[in-house]
Amino acid sequence: MKKNSKIEYKSKEENAFSLSTGDLMAGLLFIFILLLMGALLQVQEKSEQDEEIVKRYDQIKTQLYIDLQDEFKEDLTVWRATIDSTLCIRFQEPSMLFDEGLDELKPNFKVILNDFFPRYIAVLSRPQYKDNIVEIRIEGHTNSNGDYYSNMKLSQDRTRAVLQYCFSLMKKKDVNWLRGLVTANGLSSSHLILTKDGHEDKNLSRRVEFRVRTNAEKHLEDIADKRFNRKKND
């Protein structure tokens with residue numbers, strides 16, 4: 001009888017140890033689930049924050065496009081210019097811009113810039129936009145006639161001439177701000193305008209464009225990089 005009692009006692013000890021191990025495993029599993037839920041909530045919260053940033057800066061860009069349209073809608077046809085949702089204003093009548101092969105602004109183009117540029121900067125420097133603008137690009141484009149490298153120099157000289165003339169129209173305090181933002185970019189024939197059938201429109205390819213880059217692009221790049229790194233580390 002004593003021998004059986006010892007066996008029964010030993011069995012009870014083993015069962016008690018087994019139960020405590022099960023409780024420990026259940027506890028660890030519960031902690032793991034809590035940590036996983038916390039991590040998922042953080043990812044969801046970060047994703048929602050990213051979406052809010054994208055939405056906010058997209059709204060800024062869209063509103064700037066609307067305001068530029070409102071400012072210049074009566075003038076674009078007269079200037080032979082267009083504006084699109086990428087915030088590009090394109091002056092596309094070469095006979096009004098420069099004589100062929102020269103970088104001196106024609107009188108008609110100076111008249112246009114006299115009216116356009118101060119108003120353009122007045123819109124861009126509004127409080128809701130000023131701190132969100134990282135670059136104002138003046139781009140010069142040629143058609144494919146002639147040598148690519150000669151056209152590169154010509155387009156660069158033209159944009160420099162436009163920049164200098166535009167700055168001459170502004171007050172000193174505005175010029176100080178613009179110097180950190182405005183760039184002159186000669187692109188030769190690298191961005192041709194094509195017709196619907198894929199052929200070059202040699203007339204429209206000769207043009208001057210004003211483009212605005214907002215910090216929306218940088219924020220979107222940062223978000224994309226963070227998401228890529230998160231996936232890479234998973």
Side-chain angles (χ1 to χ4, degrees), residues 64-126 129 133 135-175 177-179 181-196 199-213:
L64 177 54
Y65 169 65
I66 292 171
D67 286 349
L68 288 172
Q69 279 277 17
D70 288 343
E71 179 67 30
F72 298 118
K73 61 186 176 183
E74 304 296 334
D75 307 293
L76 294 174
T77 302
V78 177
W79 295 342
R80 312 282 179 86
T82 61
I83 179 172
D84 63 34
S85 58
T86 67
L87 306 181
C88 170
I89 297 178
R90 176 179 296 162
F91 295 93
Q92 55 186 7
E93 179 49 64
S95 63
M96 298 172 66
L97 307 177
F98 302 92
D99 285 324
E100 191 165 0
L102 299 178
D103 59 23
E104 183 179 353
L105 280 67
K106 297 187 76 170
N108 281 342
F109 195 24
K110 288 183 178 181
V111 171
I112 291 172
L113 292 175
N114 289 345
D115 189 14
F116 162 73
F117 195 71
R119 292 163 59 194
Y120 181 59
I121 297 305
V123 173
L124 300 185
S125 59
R126 290 176 185 173
Y129 304 129
I133 293 173
E135 185 181 20
I136 302 169
R137 294 172 59 90
I138 303 174
E139 294 183 354
H141 301 264
T142 70
N143 59 29
S144 61
N145 292 345
D147 176 70
Y148 174 82
Y149 296 105
S150 297
N151 283 338
M152 181 66 75
K153 181 179 183 306
L154 176 62
S155 61
Q156 185 64 53
D157 290 343
R158 284 175 170 175
T159 56
R160 188 182 300 111
V162 172
L163 183 150
Q164 290 175 340
Y165 187 77
C166 287
F167 275 21
S168 72
L169 302 173
M170 306 304 296
K171 296 178 180 178
K172 186 176 180 179
K173 64 179 182 65
D174 295 318
V175 172
W177 176 63
L178 291 172
R179 280 177 179 165
L181 296 173
V182 180
T183 61
N185 306 271
L187 299 174
S188 187
S189 56
S190 59
H191 292 73
L192 299 174
I193 300 295
L194 304 179
T195 61
K196 291 182 179 179
H199 294 93
E200 177 190 356
D201 187 320
K202 290 185 179 292
N203 195 48
L204 291 183
S205 291
R206 295 175 56 209
R207 65 199 190 277
V208 172
E209 296 178 350
F210 287 76
R211 293 180 176 271
V212 179
R213 284 186 62 245

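Position 1 is the first residue of the sequence, and the numbers go up from there. Side-chain atoms are counted along with the backbone in the values below, which use heavy atoms only and exclude waters and symmetry mates.
Across all their heavy atoms, R207 and Q92 have their closest contact at CB-CA, 4.3 Å. Among all heavy-atom pairs drawn from G186 and T159, the shortest one is N-OG1, 3.9 Å. Here the closest non-hydrogen pair linking I193 and L204 is CG1-O, 3.7 Å. When every heavy atom of F98 is checked against every heavy atom of D103, the shortest pair comes out as CE2-O, 3.4 Å. Nearest heavy atoms, L192 versus S144: CD2-N, 4.0 Å. What you find for Y129 and V123 is that their closest heavy atoms are CD1-O, 3.4 Å.
A centroid separation of 6.0 Å or more is found between the aromatic rings of Y165 and F109.
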Stepwise side-chain contact (heavy atoms from CB on, under 4.5 Å) check, Y149 with K153:
CA-CA 6 Å; Y149 296 105; K153 181 179 183 306; over 6 Å; no
side-chain contact (heavy atoms from CB on, under 4.5 Å) between L64 and L124: does it pass, once the steps are laid out?
CA-CA 8 Å; L64 177 54; L124 300 185; 3.9 Å; yes
Pair I121, W177 - check side-chain contact (heavy atoms from CB on, under 4.5 Å), show working.
CA-CA 10 Å; I121 297 305; W177 176 63; 3.9 Å; yes
D75 and F116: CA distance, side-chain angles, deciding distance, side-chain contact (heavy atoms from CB on, under 4.5 Å) verdict:
CA-CA 9 Å; D75 307 293; F116 162 73; over 6 Å; no
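A 4.5 Å side-chain heavy-atom check between R206 and L97 finds every atom pair outside the cut-off.
Y120 and D115 form no side-chain donor-acceptor contact under 3.5 Å, judged by distance and modelled atom types alone.
Rounding to the nearest 0.5 angstrom, the gap separating the CG atom in N108 from the CD atom in E93 is 10.0 Å. Distance check, rounded to the nearest 0.5 Å: OG1 of T142 to CG of D147 gives 10.0 Å. Between the CG atom in L178 and the CE atom in M170 there is a gap of 5.5 Å [rounded to 0.5 Å]. From E139, atom CD reaches atom CG of N185 across 5.5 Å, with rounding to the nearest 0.5 Å. One finds the NZ atom of K110 at 10.0 Å from the CG atom of L169 (value rounded to the nearest 0.5 Å). A distance of 9.0 Å separates OH of Y65 from OG1 of T86, quoted to the nearest 0.5 Å.
S155 contributes a side-chain N or O that, together with a main-chain N or O of S188, makes up a donor-acceptor pair within less than 3.5 Å. The backbone N or O of E71 lies less than 3.5 Å from a partner atom in the side chain of R119, making a donor-acceptor pair. E200 places no side-chain N or O within 3.5 Å of a backbone atom of S205 that could act as its donor or acceptor partner. Using a distance-only test at 3.5 Å, with no hydrogens or angles considered, no donor-acceptor pair links the side chain of D99 to the main chain of K106. Checking side-chain atoms of R158 against main-chain N and O of H141 turns up no donor-acceptor pair under 3.5 Å.
In the displayed structure, Q69 atom CD is contacted under 6.0 Å by more than 12 heavy atoms of other residues, nucleotides or ligands.
Using the six-membered ring where Trp is involved, W79 and F72 have ring planes that are tilted, between 30° and 60° apart.
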